[in-house]
Every structure is written in structure tokens, then in C-alpha cells.
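In what follows, chains carry the letters A, B, and so on, assigned in the order in which the sequence lines appear, proteins first and then strands, with residues in each chain numbered from 1. Any value given below was found using the heavy atoms of this structure, including those in side chains, with hydrogens, waters and symmetry copies removed.
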Amino acid sequence: MKRWNSISAAAVMSVSAIALSACDEPKVDAEIFSSLQQCTDNSDSTREQCEQGYKEARSQHAEVAPKFTSKNDCEGEFGAGRCEQAPYQTRSGGSVFMPLMMGYMMGSMMNSGGRRSSIFPQPLYRAADDPKGYRTADNRKVSSKTGRTQVASSAGRRPSMKRSTLSRGGFGASGGRLGSAAT
Amino acid sequence: MLRIPATERPDLERVAKEHNFQFQTNGGIPFWDESIYYQFTLKQIEEDLEGPAEELEHLCFELIERAVNDETVFRCLGIEECFWDYIAESWRNGEKNIYGRMDLSYDGEGPAKLLEYNADTPTTLYESSVFQWEWLEQAMEKGLIPDGCVQFNDLHDSIVKAFSLLDFDGSLHFACVGDIEDDKGTVDYLEECAREAGLSTCFISMQEIGIDDRGHFTDLDDQVIKTLFKLYPWEWMFEEEFGRRVPASGTRFLEPPWKAVLSNKGLMAFLWEMFPGHPNLLPAYFDGDRRASELAGSFVRKPLLSRQGANVEIIHDGKTQTRSEGPYGEGDHILQAYHPLPEFSGNYPLVGCWLVASQAVGMCIREDQNLVTSRDANFIPHVILD
């Protein structure tokens, strides 16, 4: 419909009121383990499923874990002795650090009619200021306990890739020189 | 097309504040003038502007089709060879676009003539979409303009819809040079539209964009930027330090790379070559093309890449009539037949026709006291009334 045919639809801006808050979000079943051993010992999942989830989480770890250019900064967030060197280097050859993987999360077989719930298998971490809580690589708290639980569906999505940024400032020079991009 | 005096809204200062616009006691809102408005008939809008703009958009598509198969186009537009495949791929993959503005010379009669296509980074969007609309509603309610006025303005809903139709993964980043008010205001508005479309968004200054060890662009949290709306011209990006990293970055851009073909004034020369005599086109040639002698000494000389009327020279009967200053004088130019903007009591209105997702959905009029519309032009609202 063309707006000029009717004046009823106000174009006045509405501040977006549709953002879904975390507590409104649907929950999905998940299982959380501190190790592969814990999964094979305690889960309803088969050994094969435990291994598959662990392998996937482990392979994600280096890509999705938060990154730091100093070990101190990393340990400040994740606790003393809880960081390792990431398999990356900064452009100047410096080391990159990331927290140790402290557990993993995968979909649960329960309450899903025999189908695994839609959780992307992923590594979990523990922050220095909340040492009992398990968090995703995107810093979403999922649980303080291992075993079966429910998590917000967005927390179960594939975590974002985090690699260390090697340099910044490679855009913007023309704007700095010429001013507005407006046409 | 009439230029009609009107009374300003008495509470203009409050209105300005509400929209975070500046207000001066003597001058009102800078670059906005509602002491006049332009009035069109529905027929003028539909037949002379809306229809032709969409037809021109399709002619533009034919040029891009040609460019992806014929490297002379990229070459003449001054686009470096390392970006040819990248631009061509973005077109072949059907990467969607959000918006653009065609600037036309139109006097209410006869065909509107395309002067240029701001296809990549147009601004004055919020004024066109929201502020102009609100003026219409309030001015009519207060009896400052006649009842029954409508407006060529479906911009807001169209932009929201265009964002909602992007097939989309993750967060949409928005970028511009953050301390330039005009640019940031436009990006803020577009970001708001994207959020209204249900997308999650995030702003970053162009200068803050990073690159990681695998060549992905990153934001300040070191997150990979998957999709970036940049109010920053393609030609600037191409020549900057990270420019050559763009094709392999994996980032999807809005406006898409193929807009680099259209936001270049060489477009005008190619369109005339491919569609000579089209009623909405003016004869135009690359400077140095022998065919330019057909312009018989009356033409406008414009750099392929310039912004806001900078470095434009009007030559009439072989003599320079006006020349605007600016930083874009280097490089190739086009010569476009001289077709002055219409004059309304010493003012020269330029009609901007907005396209959103390639549909003509709105209009803005900017009025200058010079024939070359500059950044000092005033925005004048319009109505449609039959």
C-alpha cells in the first residue's frame, strides 16, 4: 500500500519494543558434563553420543573461547591456572590466551520423543567471579550443576567465533580526510 | 508542481527537540524549511517520477549485467581489477540491496531527467521518511495546509520490510565514521528500522573494525562481523588498507558491492550509450570521448566520484558558468548535457526519488539558490493534492 493514499499509518518512530527478554525465551533440554568420563558414567546417552558431543565441543573450543593478549587478563576473568595459550598469534607475533574448557553441553534425549534437543554441542567455561557456574563461550550462564537441565534456546545455539583481532584502523582513512560519506 | 508558501508549525522548537534536531531562534531547524512546500498531482508523481525511477533502476541492472561480462565497464569506472570478480559475484549471487536515491531534474512537466544515482550512501533519509511525514500530519491537523494532502512516502515501512527480507544469520553490524553527525544520524535510523524488523544490531565505527588471523573482519568484542551495513562509500573502502581484504573476508555487505557500479557517475555515460534517447536520460559521455562534441559546448563536468555537489563545473556555450570547489577534482570525469534545474523564485529544487529494495517509495526535495545542489541545500517538504 502506498502511504500517500492514506494518512492513518503513522510513521512516527516507535522504539523497538519487540526485543525478547531472556526470561520469555523458550527453554530446551540440555545435558552438561565436566568431562567425557562423567558423561559415559552418568548419562542416558550412549558412549558414542557422549564421545560425539565431546569431540564437537573440543573442536569448537579454540575457535569460540574468549581471547586475550595477556595471560593476566585471561586469568583475571577465568581464575588463576585456568587459562592456556591459544593456537593463534597476534600479527606482531605475540601470544594469545584463552580459558580452559571446563565442561561441555549437548542436547538431551529426554522429553523430546526420542530426538535429541536442538542444542549445538559446545564447550563450557567457568568465570573467576562465579566459579561454580557453567557459561557458554558467549558468556551465557547455563547451569551451576552438571547433568540434565534446561537452558534458554538462544544459549544452546552455535557459539560465535572469537579470534584475536590482529589489527584495527584499516578502514576510515578517506572519511577522516574527506568528511561525510553523504550523497 | 507548485511552490506554495505556508506557515511554520508554531511549536517547531519542541518538534526539533523531539527529533534531536538543532534549532536556532532565527533560523529554525538548519537545512529544513517548512515556510514553503511543493505540491504535486498524483499523476505527476506516479507517471513522471515513480514509474520512471523504477524503469531507470532496470536500466541500471542491465548495465551491471553488462559489467559482469565486459571488463571495459569496470575499467572505465576506475574500479581496480582485484575487485571485478568480487563485484560480479555479488550480482550473480543476487545479494539484496536496501536503498538508494535518484536525483532528478523535474519541473512538473515533461520527463524527469536523471542527473545522478546516489546508490551507495545516500543521507537525508530520516528527514524524508519520518520528519517530512510528521510535518504533513501536523500541518494538516493545524490547518496550515489544505485537507486531503497526501505524500509520496512509504519509506519507513519499506525499509523495515527490506531488512526483514534479508536471509539472515546472527547480528547485523552498522558502521560509518562515527563522529560525523549526518552519517551517524542516518545509520541510527536504519539501525532502528532493522531492529523493528526483528534483527539484532550493533554499531561500530569504520575506524574500529579489526581483522583477525583468518582475514575476517571483527568488532570490538573480537566477534566476526558477518553482515555489515556500511554508510561508507565502496570506492573509499577499496583504496584503504583493509580494502584488498574485503573479497576474502566472508563478510556480507549492505549496500552490496554491485552498487559500486551505480554510485559512480560513469553510470550516466554508460546508460546513455546503451539507451540513447531515453526520455529520462541526458546525453552523457566520458570526458575525452569524441562523441562529447554533440553536447555543443553546453554541459556539466562531474568527477566520476564526488559527493554533495563538490567539484562540479557548468559550462554553457563554451564558457564556465559555475564551478564548485571540493576535494574530488582528480581522476576521470563525465560530461553531461546541460539541463538546468527548474527555477522557482530564485530557488532550484532537486527532486530525490527514493528506492528501497529497488522499488520507488518516496521523495525528497532539496532546494538550493545555486544550480549545483550543495550540502547547504534546504529540505523542503512536499504534498500530493489533486
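Neither the backbone nor the side chain of A:Arg157 comes within less than 4.5 Å of any heavy atom of chain B. Heavy atoms closer than 4.5 Å to chain A are found in the side chain of B:Val246, but not in its backbone. Neither the backbone nor the side chain of B:Phe131 comes within contact range of chain A, judged by heavy atoms closer than 4.5 Å. Interface remark: B:Glu235 contributes no atoms to any contact with chain A (heavy atom separation under 4.5 Å). Interface remark: B:Asp219 contributes backbone atoms only to the contact with chain A (heavy atom separation under 4.5 Å). If you measure heavy-atom distances from B:Gln308 to chain A, the contacts under 4.5 Å come from both the backbone and the side chain.
Judged by distance alone, the side chain of A:Glu75 and the main-chain N or O of A:Gly81 form a donor-acceptor pair under 3.5 Å. One N or O on the side chain of A:Gln122 and one on the backbone of A:Phe120 form a donor-acceptor pair closer than 3.5 Å.
Not counting sequence neighbours, the partners of A:Glu51 by the salt bridge (charged side-chain N to carboxylate O under 4.0 Å, His left out) test are A:Arg47. The disulfide (SG to SG under 2.5 Å) test applied to B:Cys364 returns no partner, not counting sequence neighbours.
Highest contact tally toward chain A, considering only B:Asp179, B:Thr186, B:Asp183, B:Val177, is held by B:Asp183 [criterion: heavy-atom pairs under 4.5 Å].
Taking CD of A:Glu77 as the start and CZ of A:Phe68 as the end, the distance is 4.5 Å to the nearest 0.5 Å.
Judged by a 6.0 Å distance limit and a 45° cone about the ring axis, B:Arg245 is not positioned over the six-membered ring of B:Phe217.
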